[in-house]
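Working notes for the structure below.
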Amino acid sequence: MPSSNFVDYVKIQCRSGKGGKGSMHLRHVKYNPNGGPDGGDGGDGGSIILRGNHNYWTLLHLKYERHIYAEHGGNGGRDKCHGTNGKDVYIDVPCGTVVYNAETGEYVCDVTEDGQTVVLLKGGRGGLGNFQFRTATNQAPRYAQPGEPMQEMTVILELKLLADVGLVGLPNAGKSTLLSSLSSARPKIANYPFTTLEPSLGIVGYHDKQSFVMADIPGIIEGASEGRGLGLRFLRHIERNSLLLFMVPGDTDDIRKEYELLLSELTKFNPHMTDKHRVLAITKCDLLDEELIEMLKAELPDDLPVVFISAVTGMGLNQLKDVLWKELNSESNKLSSITAEDKIVHRNKDLSRLAQEMKAEGEDEEIIYIEDDDIEDYDDIDDLEDFEYE
């Protein structure tokens, strides 16, 4: 699909249905002048429910659906007739979608599994009719309950890709080339910075028909955690990765310094990134001879596995897959992925960067709407040109 079809950030106005009013009615029929109360209850309003769907891989289907409203509950009627319940609205989202309040930046919920449902906004309960208030001392109550009001919230839906291995590196570090060499994915590859403008996923095959998912994100530059380059837009995609593969070209002047720069940007964006297992891959080693490789080994960090590879010639790729598989299946990595889930996801947005983030995503416009009942309040039809209504 075209690259423009990848949408991982949308802003939507959601509103649940309000409960119907209870009926205040007294029964009047022939031969029964004192029929008593028979007002029915109002119906419940519809709820807004998120539902995980593995058939979706992007939020494109919600990009231009700015308003999602549930039905209101029907009012109660005579003869104890119950009002109709408003229909619930299900919003299908890809697995890995996180929801935030667009006004406060507060974390709301996330959807990580196919078929998982989360009630985003609950519909209002219907009011009780006067039949429910009859007593021995009050046999003809002349009052009924109104329905509960609706709930409204403007939400931000963010897609955070679910992958086992996330590729981290500066532009032109060889991330897309590696992904195309290890999997059937075909990301764009060119000899200029920021060739990758959207995340790419690839399934890497391993022994005995086993596999793991690898995610390629756009290159990270210094200051990415503060919004430079494409940092704020795509750093969130590696928050859910179990393992981070740092990639530094072999012809870099200072490999350790570049690795520390990448790690620093991730730490500034989310301090819990340092809890993830890490592997360092020195790329483009087809440009190096064995003597130079031995000299570089003495300068590399000793707190993580290091592999020298060349995606063009295939040098070290099998060794890299062995190291990645070993790290992914280590007991410490499995335990950290379980305990770190809440730490990563349940973080509120920084309000100082929320406006900048929405502006970068083109979601900074204010959503204003009116209902059909309010149209009569406007004398001139020109007053309605800036509004959207149902």
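No hydrogens, no waters, no symmetry mates; every other heavy atom, side chains included, goes into these values.
H67 places no side-chain N or O within donor-acceptor distance of the main-chain N or O of Q13, the cut-off being under 3.5 Å. At distances below 3.5 Å, not a single donor-acceptor pair connects side-chain atoms of D44 with backbone N or O atoms of G19. Judged by distance alone, the side chain of T177 and the main-chain N or O of A311 form no donor-acceptor pair under 3.5 Å. In this structure a side-chain-to-backbone donor-acceptor pair under 3.5 Å is missing from N101 to E106. No donor-acceptor distance shorter than 3.5 angstrom exists from the side chain of N130 to the backbone of A144, with no hydrogens or angles considered. Side chain of S16 to main chain of Q151: a donor-acceptor pair is present (N/O by atom type, distance under 3.5 Å, no hydrogens or angles). No donor-acceptor distance shorter than 3.5 angstrom exists from the side chain of N53 to the backbone of V93, with no hydrogens or angles considered. Panel note: side chain D110, backbone V98; no donor-acceptor pair is recorded below 3.5 Å. Formation of a donor-acceptor pair under 3.5 Å by the S310 side chain with backbone atoms of C285 is not found in this model. At distances below 3.5 Å, not a single donor-acceptor pair connects side-chain atoms of S264 with backbone N or O atoms of E260.
M315 is not listed as a side-chain neighbour of D286, based on a closest heavy-atom distance of 4.5 Å or more. At a threshold of 4.5 Å between non-hydrogen side-chain atoms, the residues V204 and D164 do not count as touching. The shortest side-chain heavy-atom distance between R278 and L263 falls under the 4.5 Å cut-off. Residues I255 and I282 are in side-chain contact: their nearest non-hydrogen atoms beyond the backbone lie under 4.5 Å apart. No side-chain heavy atom of E327 sits under 4.5 Å from any side-chain heavy atom of L244. Looking at N329 and F212, their side chains never come closer than 4.5 Å, going by heavy atoms from C-beta outward. Looking at heavy atoms from C-beta onward, L324 lies out of side-chain contact with K326 at the 4.5 angstrom threshold. Looking at Y9 and I156, their side chains come closer than 4.5 Å, going by heavy atoms from C-beta outward.
Sparse packing is recorded around NZ of K21, with 12 or fewer heavy atoms of other residues, nucleotides or ligands lying under 6.0 Å away. Taking a 6.0 Å sphere around CD of Q210, one finds it holds more than 12 heavy atoms contributed by other residues, nucleotides or ligands. For K80, the NZ atom counts as loosely surrounded, since its 6.0 Å shell holds 12 or fewer non-hydrogen atoms of other residues, nucleotides or ligands. For I203, the CD1 atom is loosely surrounded, since the number of other residues' heavy atoms within 6.0 Å does not exceed 12.
The shortest non-hydrogen separation linking T283 to M247 is CG2-CE, 3.3 Å. The shortest heavy-atom contact between V10 and K63 is CG1-CA, 3.8 Å. Taking both residues in full, the closest heavy atoms of C95 and L159 are given as O-CD1, 3.8 Å, listed atom of the first, atom of the second, then distance. Across all non-hydrogen atoms, the minimal contact from L304 to Y259 is CD1-OH, 3.7 Å. K18 and H72 make their closest contact through N-ND1, 3.0 Å (heavy atoms, listed as atom of the first residue, atom of the second, distance). The minimum heavy-atom distance between E258 and L170, with the atom names listed, is CD-CD1, 3.3 Å.
The aromatic rings of Y206 and W325 lie parallel to each other, their planes meeting at an angle below 30°, with 60° marking the opposite boundary.
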Evaluate the side chain to side chain contact (heavy atoms under 4.5 Å, CB included) criterion for residues L320 and L245: first the C-alpha distance (whole Å), next the side-chain angles of each, then the deciding distance (0.1 Å), finally the verdict.
-> CA-CA 10 Å; L320 177 63; L245 176 59; 4.1 Å; yes
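In this structure, D92 pairs ionically with R51, as a charged nitrogen and a carboxylate oxygen lie closer than 4.0 Å. A salt bridge links R125 with E148: the closest approach of a Lys/Arg side-chain nitrogen to an acidic carboxylate oxygen falls below 4.0 angstrom.
D114 meets the salt bridge (Lys or Arg N to Asp or Glu O under 4.0 Å) test with no other residue; sequence neighbours excluded.
Hydrophobic cluster membership of L26, counting Ile, Leu, Val, Met, Phe, Trp and Tyr whose side-chain heavy atoms lie under 4.5 Å apart directly or via other members: none, as it forms a cluster of its own.
Taken together through direct or relayed side-chain contacts under 4.5 Å among Ile, Leu, Val, Met, Phe, Trp and Tyr, V111 and I68 form part of one hydrophobic cluster.
Considering S180, S176, S183 in turn, S176 is the only one that fulfils the side chain to side chain donor-acceptor pair (under 3.5 Å) rule with D216. Test V155, I12, I91 against I48 for side chain to side chain contact (heavy atoms under 4.5 Å, CB included) and you get one pass: I91.
The distance from the OG atom of S23 to the CG atom of L128 is 12.0 Å, given to the nearest 0.5 Å.
Remark: the H82 side chain and the D41 side chain contain no N/O donor-acceptor pair separated by less than 3.5 Å.
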